[in-house]
Protein chains: 2
Amino acid sequence: MKLSNKGRYGVKAIFDIAFHNHGKATQIKEIAERQAIPPRFLEQIFQDLKRAGLVTSKRGPRGGYQLAVEPADIRLGDIIRALEGPVALAEATRGSEDEGDATSRAVTDEAFEDLAEQIEACFDGKTIEDLCERGEALGYRRRAPGKYVYVI
Amino acid sequence: MKLSNKGRYGVKAIFDIAFHNHGKATQIKEIAERQAIPPRFLEQIFQDLKRAGLVTSKRGPRGGYQLAVEPADIRLGDIIRALEGPVALAEATRGSEDEGDATSRAVTDEAFEDLAEQIEACFDGKTIEDLCERGEALGYRRRAPGKYVYVI
DNA sequence: GGCATTCTTGACATTCCCGGTCGGCAATAC
DNA sequence: GTATTGCCGACCGGGAATGTCAAGAATGCC
């Protein structure tokens with residue numbers, strides 16, 4: 001019962017954008033450095049996040065990623081599901097229903113499905129905004145957006 | 001975010017004993033057949049369950065396993081933890097604390113630890129007895145203990 | 001236009017562990 | 001003593017997890 005690095009990294013990355021750079025395009029390199037994530041790997045993660053509609057991208061100089069959804073509307077479950085698929089505790093759909101007795105298949109599978117829903121609910125109970133608030137409460141300083149507005 | 005077969009099998013096996021044979025020694029072969037679990041694999045699972053103190057064993061002819069704890073006191077979490085270790089969402093203890101910014105390590109790790117506790121609580125919210133009751137409610141018939149008392 | 005920058009895409013390498021098997025030994029009942 | 005059953009440790013194949021890489025396409029800037 002473990003969470004993969006991919007999921008962890010994904011949450012960190014989204015949080016990073018929301019906390020430090022919400023509204024601006026943020027580059028892989030920058031996030032990777034702040035969050036200590038292998039850049040090439042992060043690259044791949046962002047493709048999934050984009051496919052899931054959580055971020056948008058812009059190419060070229062001064063490009064990067066930005067949130068496509070408000071932090072308050074991004075639940076951790078959304079990120080995890082985008083990167084790892086749904087929480088699956090019960091049996092994968094098996095073709096042959098004729099093995100074993102029906103009793104425990106029915107009972108245990110039902111129990112596991114119930115649990116899976118509960119667990120999804122746990123993940124959906126926290127949003128990125130919650131994390132940002134927690135970060136501020138802990139006294140961490142956001143890197144102010146607009147700090148790098150280059151005046152020419 | 002998946003549950004391994006080992007965990008699933010473990011729950012099924014314990015449930016099987018509780019439901020069909022509570023109080024009697026039950027053999028691997030018998031359980032494996034009823035639950036459609038590879039016998040040699042189940043063998044290995046029971047070693048872990050025994051080490052965790054959930055079952056006791058008896059060797060020799062008419063030997064087998066029986067519950068060491070009342071079904072009402074076996075939480076699914078106990079079984080899962082015995083077979084897969086604790087639920088771990090946060091980072092494994094890393095030596096180098098100097099990478100990345102402290103913000104998101106603090107915030108995300110805290111969040112994940114919180115979630116891990118919630119999830120453990122989900123698993124601990126169901127007991128084997130709950131499953132047995134559910135099984136009876138569904139109308140399944142227990143194989144009556146004592147049915148196989150061999151009169152000589 | 002030309003160039004540097006940054007994301008895009010798909011393939012590739014590597015390591016780990018899940019899921020399962022096996023052989024042989026130890027206890028026990030009969 | 002012999003058949004049965006659990007006990008222990010080793011072993012192994014395959015697939016997923018975790019990254020890496022190369023080449024290409026869009027974009028901004030001078």
Side-chain angles (χ1 to χ4, degrees), chain A residues 1-10 12-13 17 21 24-33 35-52 54-66 68 80 83-85 88-89 91-92 94 148-152, chain B residues 1-10 12-13 17 21 24-33 35-52 54-66 68 80 83-85 88-89 91-92 94 148-152:
Chain A
M1 212 55 211
K2 288 179 48 186
L3 184 65
S4 73
N5 275 354
K6 207 170 175 186
R8 248 193 303 277
Y9 288 161
K12 288 195 177 195
I17 299 182
N21 260 343
K24 288 175 47 185
T26 313
Q27 289 144 22
I28 291 261
K29 202 172 51 177
E30 194 180 333
I31 300 173
E33 197 171 324
Q35 306 298 332
I37 301 174
R40 300 312 277 270
F41 194 28
L42 187 54
E43 207 169 88
Q44 176 181 318
I45 289 171
F46 266 105
Q47 295 310 312
D48 290 339
L49 294 176
K50 188 186 162 189
R51 232 166 275 135
L54 293 175
V55 300
T56 58
S57 60
K58 208 172 75 177
R59 298 206 250 193
R62 304 192 60 63
Y65 292 91
Q66 46 188 321
I80 304 294
L83 296 174
E84 308 193 24
L89 303 181
E91 210 93 32
R94 66 160 65 186
Y148 295 118
V149 170
Y150 293 161
V151 181
I152 314 174
Chain B
M1 213 54 211
K2 288 178 46 188
L3 184 65
S4 73
N5 273 356
K6 207 170 174 184
R8 247 192 304 277
Y9 288 161
K12 288 194 177 194
I17 299 182
N21 260 343
K24 289 176 46 188
T26 313
Q27 288 147 21
I28 293 259
K29 204 171 48 174
E30 193 180 335
I31 301 173
E33 197 171 326
Q35 306 299 330
I37 301 173
R40 286 326 267 275
F41 193 28
L42 187 55
E43 201 172 278
Q44 177 179 319
I45 289 171
F46 266 105
Q47 294 313 311
D48 290 339
L49 294 176
K50 188 185 164 191
R51 232 166 274 134
L54 293 175
V55 298
T56 57
S57 61
K58 209 174 74 178
R59 297 206 251 192
R62 303 193 59 65
Y65 292 92
Q66 45 190 323
I80 303 295
L83 296 174
E84 309 192 22
L89 303 181
E91 210 93 33
R94 66 159 65 186
Y148 295 117
V149 171
Y150 293 163
V151 182
I152 312 175

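Below, read A as the first sequence line, B as the second, and so on, with proteins coming before strands; counting in each chain starts at 1.
Summarising the geometry, the separation between CD1 on Ile31(A) and C1' on dT6(C) is reported as 13 Å, rounded to the nearest angstrom. Counting to the nearest Å, the P atom of dC7(D) and the CG atom of Asp48(B) are 12 Å from each other. For Asn5(B) and dG14(D), the CG to P distance is 18 Å, given to the nearest whole Å. Nucleotide dT5(D) holds its P atom 15 Å from the CG atom of Leu42(B), rounded to whole Å. As a whole-Å value, the separation of Leu83(B) CG from dG20(C) C1' is 15 Å. As rounded to whole Å, 17 Å separates atom C1' of dG10(C) from atom CD1 of Ile45(A). To the nearest angstrom, C1' of dC16(C) lies 15 Å from NZ of Lys2(B). At whole-Å resolution of the value, CZ in Phe41(A) and C1' in dT18(D) are 5 Å apart.
Comparing Lys6(A) and Lys29(B) by the nucleotide of DNA chain D that holds the closest heavy atom to each, the one mapping nearer the 5' end is Lys29(B). The nearest heavy atom of DNA chain C to Lys58(B) and to Lys50(A) marks one nucleotide each, and the one closer to the 5' end goes with Lys50(A).
Formation of a donor-acceptor pair under 3.5 Å by the Gln35(A) side chain with backbone atoms of Ala13(A) is not found in this model.
Using a 4.0 Å heavy-atom cutoff across all strands shown, Phe46(B) reaches no nucleic acid atom at all.
Across all non-hydrogen atoms, the minimal contact from Gly63(A) to Gln27(A) is O-CG, 3.3 Å. Heavy-atom minimum distance, Ala32(A) versus Pro39(A): CB-CA, 3.9 Å.
The structure places CD1 of Ile45(A) at 11.0 Å from CD of Gln47(A), a figure rounded to the nearest 0.5 Å. In this structure, CD on Glu43(B) lies 12.5 Å from NZ on Lys29(B), to the nearest 0.5 angstrom. A distance of 12.0 Å separates CD of Glu33(A) from CG of Leu42(A), quoted to the nearest 0.5 Å. Atom NZ of Lys24(A) sits about 11.5 Å away from atom CD1 of Ile17(A), to the nearest 0.5 Å. In this structure, the separation between CD on Glu84(B) and CG on Asn5(B) is 9.5 Å, given to the nearest 0.5 Å.
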Identify all pairs in which a protein N or O lies below 3.5 Å from an N or O of nucleotides 22-25 of chain C, and state each distance.
residue, atom, partner, partner atom, Å
dG23(C), N7, Arg40(B), NH2, 2.9
dG23(C), O6, Arg40(B), NH2, 2.8

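The shortest distance between the side-chain N/O atoms of Gln47(A) and the OP1/OP2 oxygens of dT9(C) is below 4.0 Å. Within the structure, every side-chain polar atom (N or O) of Tyr9(A) is placed at least 4.0 Å from both OP1 and OP2 of dA17(D). Contact annotation: Ser57(B) reaches the phosphate of dC7(D) (side-chain N/O to OP1 or OP2, under 4.0 Å).
Of the candidates dG6(D), dC7(C), dG19(D), dC7(C) carries the atom nearest the Gln27(A) side chain, counting heavy atoms from C-beta on.
At a threshold of 4.5 Å between non-hydrogen side-chain atoms, the residues Tyr65(A) and Ile31(A) do not count as touching. By the 4.5 Å heavy-atom criterion applied to side chains, Met1(B) and Met1(A) are counted as neighbours.
Taking the screw axis at each terminus of the helix from dG1(C)-dC30(D) to dC30(C)-dG1(D) from five consecutive base pairs, the angle between the two is 20° to within rounding of 10 degrees.
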